[in-house]
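First up is the structure itself, then whatever we jot down about it.
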Amino acid sequence: MPDNDETKPSQPLSGRARRRRGRPRTGNGRRLFAFDREIGCRFVAGADEAGRGSLAGPLVAAAVLFDLEQLTLSDRRALTRLNDSKQHTAEAREELYPLVMRAAARSVIVARCVRGIDSRGLHKTNLEALRTALLGVAVPGAMCLVDGFNVPEFGFEQRAVIDGDCRSAAIAAASVLAKVSRDRYMRRAAERHPGWDFETNVGYSTPEHRAAIAANGVSPLHRMSFQSIAYTQLALEG
């Protein structure tokens, strides 16, 4: 997946967000939309990424803008199961993907390739991708929410939301788009790079993936800047 964009100043939230001791394990779209409505803005944008912790494959960021005044009852009901994408099965995420796309006023998916991650650094690449995605959906008066931390200034008000992917509907929706898009890419990539089981591990560090690296070395999709014990047993350069 090449670097591309595909289009269809503040402090972290405090109080209850910082006092939370655990993450909810089940989805509740009504609760997530209630969180976004409590912000008091008509337009709420959320951004999240997938692939930050993987050994191989791109980093994918997504942003979703909800127009809370125009969001229909049908759309809200369809997204009742909305939650952090990691809390869903792959099948459930695929079912949610078109529902998010239909409900969103705007959506953007941004991909950053492996070589770009290696040259620029993971954290810098992640912030840039999230910022670019938000720039693609933000409108005047929008509140932009990011999961966990702020991105560099980009001309719109933003807030970092601790555990945002299981608290905000906009962030949770973005997490679904990012995760589904990246998983689809990695499953297609498995056909071109069959030795690393990308169709099941989608680039993350699993025992089977680490064993494949030990047996086959690395593929063009592996990040060489990622400090992983899986690489230490190989004589790798670069």
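Note that the numbering runs from 1 along the sequence shown for the chain. All values reported here derive from a predicted model rather than from experimental measurement.
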Salt bridge flag under 4.0 Å for residues R52 and E49 = yes
Return yes if a side-chain donor-acceptor contact under 3.5 Å exists between S54 and R182, otherwise no.
-> yes
So, E94 and R184, do they make that salt bridge, N to O below 4.0 Å?
-> yes
Check whether the ring centres of H193 and H222 lie less than 6.0 Å apart, and answer yes or no.
-> no
Test: E153 and R131 ion pair at under 4.0 Å | no
Say whether, by atom type as modelled, one donor and one acceptor occur between the side chain of D197 and the main chain of H209 under 3.5 angstrom.
-> no
Would you check if T132 and R112 make a side-chain contact, meaning some heavy-atom pair closer than 4.5 Å?
-> yes
Looking just at side-chain N and O atoms, do D36 and S168 make a donor-acceptor pair shorter than 3.5 Å?
-> yes
Residues at least two apart in sequence or cross-chain that pass ring-ring contact (aromatic ring centres under 6.0 Å, His included) with F43, listed by chain then number, are none
Do other residues, nucleotides or ligands put more than 12 heavy atoms under 6.0 Å from the CZ atom of R30?
-> no
Under 4.0 Å between a Lys/Arg side-chain N and an Asp/Glu carboxylate O for R42 and E69?
-> yes
May I ask you to decide whether D147 forms a salt bridge with R167, counting only side-chain N to carboxylate O separations under 4.0 Å?
-> no
Quick one: pull up CZ in R188 and CG in D183 and give me the separation to the nearest 0.5 Å.
-> 11.0 Å
What distance do D67 atom CG and R106 atom CZ have between them, rounded to the nearest 0.5 Å?
-> 10.5 Å
